[in-house]
Amino acid sequence: MDYDIPEWVRSQRQRKRLPEVWIGQQVVIRRPSGKELWVVLRDVREFGIVYTMVGIPQPIFSPWSSIVWMTPLGEDTQAFEIPEQEEGT
């Protein structure tokens, strides 16, 4: 079962791989609503991410469809932007 997982998520190419190296670090997540969250990234999976927030030890799951981009907090690096989905994929 592939759960309609986009190809870019499963890609092994270096430029398109998920940001697993950020696990355990603080990152900024931008939601489609424009809201930005400062969180600690706990896990990265094909279907989404798991994070915690300061003062809330309970892990929170967020599917990829609810994330526009994310970037390490305080880093001079480009954000990991979710690629546009091609129609029909």
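Between V50 and P59 the shortest heavy-atom distance is CG1-CB, 3.7 Å. The two residues Q26 and V40 come nearest to each other via the heavy atoms CG-CG2, 3.9 Å. Nearest heavy atoms, P57 versus G55: CD-O, 3.7 Å. Taking both residues in full, the closest heavy atoms of P32 and S65 are given as CG-O, 4.1 Å, listed atom of the first, atom of the second, then distance. The minimum heavy-atom distance between R42 and I23, with the atom names listed, is O-CG2, 3.4 Å. Considering all non-hydrogen atoms of both residues, W69 and E36 come closest at CZ2-OE2, 3.5 Å.
Using a 3.5 Å distance cut-off with no hydrogens or angles, the side chains of S62 and R31 do pair a donor with an acceptor.
A distance of 11.5 Å separates CE in M53 from CH2 in W38, rounded to the nearest 0.5 Å. Residue S66 holds its OG atom at 7.5 Å from CZ of F61, rounded to the nearest 0.5 Å. With values rounded to the nearest 0.5 angstrom, L41 atom CG is found 9.5 Å from E20 atom CD.
Between I29 and Y51, the closest side-chain pair of non-hydrogen atoms falls below 4.5 Å. Here the side chains of V44 and W64 are in contact, with some heavy-atom distance below 4.5 Å.
Side-chain heavy atoms closer than 4.5 Å link hydrophobic residues (I, L, V, M, F, W, Y) into clusters, and following such links, possibly through other members, connects I56 to L37. V27 and I67 fall within a single hydrophobic cluster, where Ile, Leu, Val, Met, Phe, Trp and Tyr side chains are chained together by heavy-atom contacts under 4.5 Å.
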>> Let's go through M70 and V39 carefully: what are the C-alpha distance in whole Å and the side-chain angles of both, what is the deciding distance for side chain to side chain contact (heavy atoms under 4.5 Å, CB included) to 0.1 Å, and is it a yes or a no?
In response: CA-CA 10 Å; M70 71 177 155; V39 303; over 6 Å; no

